[in-house]
Amino acid sequence: MESSSNGLRKGTWTAEEDILLRKCIDKYGEGKWHQVPLRAGLNRCGKGCRLRWLNYLQPSIKRGNFSSDEVDLLLRLHKLLGNRWSLIAGRLPGRTANDVKNYWNTHFSCCKSKARKRESTCSANSPIQSSCYKASTSIL
DNA sequence: AAACACGGCAACCGCTACCCT
DNA sequence: CAGGGTAGCGGTTGCCGTGTT
C-alpha cells in the first residue's frame, strides 16, 4: 500500500490497524509510543499511533456535536487560555485537543484556516469573521 | 445528472519541553 | 552539566461528503 520513503505507512487508518493498536494498548497500556508500532506489529510511526489512540480509539472519547454547555465552556476557556488546545480539552471531558481545535477552526476562526485555499470567499476584514468573533466573545 | 464549491474531520509535520544517561 | 532521545503540542494540509448551481 502507500508508504513513505522509510517504509512506514501514512494516511488513513484501516480497521485492522485500529484493532492491532487497541489490542496493544490494552495489553501494555499507554506510553512508550515509539515501542507501540513494534509491539502492535504496525508499520506506522509512534507519533501516528499516539495520535490515532488519543483522537479516535480512546474509550472515553465522546463523538458528535458539541453541546451548548461545551461550546460555552470552550469559548470561556479559549478566552482564558488562548490556543492551548490540550489544556482546553482537559477541561472538556471526552473531547480531544484535535477535536477542540478542529471545532474552533471550523466554527469560530471563520476565514483563518480556509483563507489559504479560498481567499476569494472572504477577506481578512470580512464582516463574517468579525461577527463570528463578536459572537464568540459576547457569550462570555 | 454532472460539475463545482464548501465544510468538516482525520492525519501529518515541525518545534519545544521533558526525561534519562 | 551536557547531549541525545522521546513525548506532547499546535499549526497546517489533504481528503471526502454534502450542498448548490
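These values consider heavy atoms only, across backbone and side chains, with no hydrogens, waters or symmetry-generated copies. Order of the sequence lines fixes the chain letters, A, B, ..., with proteins taken first and strands second; residue numbering starts at 1 for each chain. Here the structure is a predicted model, which means the values were calculated and not measured.
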How many whole angstroms separate atom [atom1] of [X] from atom [atom2] of [N]?
X        : N      : atom1 : atom2 : result
A:Lys47  : C:dG10 : NZ    : P     : 14 Å
A:Arg44  : C:dA7  : CZ    : C1'   : 19 Å
A:Asn105 : B:dC9  : CG    : C1'   : 11 Å
A:Leu51  : C:dA7  : CG    : C1'   : 12 Å
A:Arg95  : B:dA10 : CZ    : C1'   : 15 Å
A:Trp104 : B:dC9  : CH2   : P     : 16 Å
A:Arg84  : C:dG11 : CZ    : P     : 8 Å
A:Trp13  : C:dG14 : CH2   : P     : 21 Å

Report the nucleotide, chosen from [options], that has the shortest atom-to-atom distance to any side-chain atom of [X].
X        : options                : value
A:Asn83  : B:dG8, B:dA10, C:dG11  : C:dG11
A:Asp99  : B:dC13, B:dA10, C:dG11 : B:dA10
A:Tyr56  : C:dT12, C:dT6, B:dA10  : B:dA10
A:His34  : B:dA10, B:dC12, C:dA7  : C:dA7
A:Asn102 : B:dA10, B:dG14, C:dA7  : B:dA10
A:Thr12  : B:dA11, C:dA7, B:dG8   : B:dA11

* Min side-chain heavy-atom separation A:Leu42-A:Cys49 under 4.5 Å -> yes
* Asked: With under 30° as parallel and over 60° as perpendicular, where do the rings of A:Trp85 and A:Trp104 fit, or are they tilted in between?
  -> tilted
* Asked: Any ion pair linking A:Glu17 and A:Arg52 (charged N to carboxylate O, less than 4.0 Å)?
  -> no
* Asked: Is A:Asp26 salt-bridged to A:Arg22, cutoff N-O under 4.0 Å?
  -> no
* Is a donor-acceptor pair below 3.5 Å formed from side chain A:Lys10 to base C:dG14, judging by atom type as modelled? -> no
* Asked: With sugar-phosphate meaning primed atoms plus P, OP1 and OP2, does A:Lys32 contact a base, only sugar-phosphate, or nothing at under 4.0 Å between heavy atoms?
  -> sugar-phosphate
* Identify whether any heavy atom of A:Asn55 sits under 4.0 Å from a base atom; if not, whether one sits that close to sugar-phosphate; answer base, sugar-phosphate or nothing. => nothing
* **Under 4.0 angstrom between A:Arg52 side-chain N/O and B:dA10 OP1 or OP2** => no
* Does the side chain of A:Ser86 get closer than 4.0 angstrom to OP1 or OP2 of C:dG8 through an N or O atom? -> no
* Quick check: does any side chain N or O of A:His78 sit under 3.5 Å from a backbone N or O of A:Leu74, one acting as donor and the other as acceptor? -> no
